[in-house]
> 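One structure follows; several queries about it will come next.
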Amino acid sequence: MYTARQLDRARQLAYLHSGIVLGSNKDIMIANRLDKLKRLVENDEIDAVLNAIEAGQEIELFISAFTTNKTNFFRESFHFEDLKDRVVKEAIENRSGLKIYCSASSTGEEPYSILMTLEYAKALYGALNINYSLLATDIDLQVLDKCQKGVYEYTKVGDDIPDWIKPSEYFKRRIHPEKNGEFLVKIKDHLQRKVQFQQFNLMTPTYPFKSCDFDVVFCRNVLIYFNQDDQNAILKKLFKTLRIGGTLYLGHSESPLGLTPYVERCGQNIFIKTKEFL
Ligand SMILES: C[S@@+](CC[C@H](N)C(=O)[O-])C[C@H]1O[C@@H](n2cnc3c(N)ncnc32)[C@H](O)[C@@H]1O
């Protein structure tokens, strides 16, 4: 077990390095994360581990231990329906390309679901030469590594993929070397090359992205980890990067907060930017 002081040190470090708020009701979760951290740094002495992190060492492992990376393919599938039925369709009608930013990509299921949707919609509308770019970022280097590998267990993929997606068009099959009968799938290389993965902390004071540049921003199931002031600050910085008329997708229990007067709601947690934030 950990002392109240150790839990508090971890709580403060989590906020400092990621903005993640772990309230007083999260002691069990913090304890589990500290267990994970000790395994990651291969040191069982928690005070020594916390001292090292406070001294600026092992920060990446600390972040990996303290982030919640739960995700799945086509999570909140209505967002992908909207992307296919409205956003891509409009881009094709306007003969414009699409720049998409996925701001908390976790292990890759979300950006690859976006990618499959774009590829599917291009074929559906006969617009194979429409250009798009897809930037996916996360603070956690371990999940980004998984994104870059693009390898997933078939059973999980199969459960989440909607009827209109044919997995064999996007994944190649690999037999799992250890588990008999179970196999893995890997995103096809030519598709994987279309996503750019980068580490980025949403708490960064000034974002390195151009203003009004993205047509679509996904910011789903990450704001919930921050306090309300930080959520507002992040939303404003993300909003600045979105063009007027662009679409912001938020997670099921997130809201646009201070951006509400500057957006029009067009579906479940789907918001269109109507004017610049002043
Ligand atoms: C629960 S997952 C959500 C993944 C995906 N967006 C989805 O909806 O399925 C939250 C992700 O946010 C990332 N995250 C947490 N704090 C972050 C921060 N300050 N900057 C960027 N990403 C962060 C975590 O590493 C994690 O992968």
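Order of appearance sets the numbers: ligands from 1, and atoms from 1 within every ligand.
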> Looking at atom 23 (C) of ligand 1, what's its closest protein heavy atom, distance included?
I139 CG2, 3.4 Å

> For ligand 1, find out whether one of its N or O atoms is nearer than 3.5 Å to an N or O atom of T71.
yes

> Please report whether ligand 1 has a polar contact with S18, defined as an N or O pair separated by less than 3.5 Å (distance criterion only).
yes

> Give the residue, atom name and distance (to 0.1 Å) of the protein heavy atom nearest atom 8 (O) of ligand 1.
N221 ND2, 2.8 Å

> Could you tell me whether F197 and Y112 have their ring centroids closer than 6.0 angstrom?
yes

> Hey, are Q142 and N69 close enough side-chain-wise for a donor-acceptor pair under 3.5 Å?
no

> Within the 4.0 Å heavy-atom shell around D140, which atoms of ligand 1 are there?
25 (O)

> Tell me which one of L40, D145, L37 satisfies side chain to side chain contact (heavy atoms under 4.5 Å, CB included) with S64.
L40

> Out of curiosity, C147 SG to Q196 CD, how far, rounded to the nearest 0.5 Å?
12.5 Å

> Taking the six-membered ring for Trp and the single ring otherwise, decide whether the centroids of F214 and Y101 are under 6.0 Å apart.
yes

> Could you state the interatomic distance from NZ (K237) to CD1 (I234), rounded to the nearest 0.5 Å?
6.0 Å

> Distance under 4.0 Å to a non-hydrogen atom of N201: what atoms of ligand 1 satisfy this?
18 (C), 19 (N), 20 (N)

> What protein heavy atom lies closest to atom 4 (C) of ligand 1? Include the residue and the distance to one decimal.
A104 O, 3.3 Å

> In terms of side-chain heavy atoms, does Y152 have a donor or acceptor partner in D160 at a distance below 3.5 Å?
no

> Quick check on contacts: which atoms of ligand 1 are under 4.0 angstrom from a heavy atom of R220?
3 (C), 5 (C), 6 (N), 7 (C), 8 (O)

> Looking at atom 11 (C) of ligand 1, what's its closest protein heavy atom, distance included?
D138 OD2, 3.7 Å

> Could you tell me if Y2 and D8 have a donor-acceptor pair between their side chains, going purely by distance under 3.5 Å?
no

> Could you tell me if R173 sits above the aromatic ring of Y154, with its cationic atom closer than 6.0 Å to the ring centre and no more than 45 degrees from the axis?
no

> Provide, to 0.1 Å, the distance between atom 21 (C) of ligand 1 and the closest protein heavy atom, together with that atom's residue and name.
F200 O, 3.3 Å

> Quick one: nearest non-hydrogen protein atom to atom 10 (C) of ligand 1, plus distance?
T68 O, 3.3 Å

> Only heavy atoms of F226, strictly under 4.0 Å: list the atoms of ligand 1 that pass.
16 (N), 17 (C), 18 (C), 19 (N)

> Heavy-atom contacts with Y225 under 4.0 Å: which atoms of ligand 1 show up? List them by number with element.
1 (C)

> Parallel, tilted or perpendicular: which one describes the rings of W164 and F74, with boundaries at 30° and 60°?
perpendicular

> So if I count the atoms of ligand 1 from 1 in the order they appear, which ones are less than 4.0 Å from some heavy atom of S106?
4 (C), 27 (O)

> Please state whether G19 comes within less than 4.0 angstrom of ligand 1, counting heavy atoms only.
no

> For atom 12 (O) of ligand 1, what's the nearest protein heavy atom and its distance?
V222 CG2, 3.3 Å

> Say whether S106 and R220, considering side chains only, have a donor N or O and an acceptor N or O under 3.5 Å apart.
no

> Ignoring angles and geometry beyond distance, decide whether N72 reaches within less than 3.5 Å of ligand 1 through its nitrogen or oxygen atoms.
no

> Can you report which non-hydrogen protein atom sits closest to atom 20 (N) of ligand 1, along with the distance?
L202 N, 2.9 Å

> Have Y132 and E119 got a donor and an acceptor in their side chains that come within less than 3.5 Å?
yes

> Do E110 and ligand 1 have an N or O pair less than 3.5 Å apart?
yes

> Check whether any heavy atom of F218 sits under 4.0 Å from an atom of ligand 1.
no

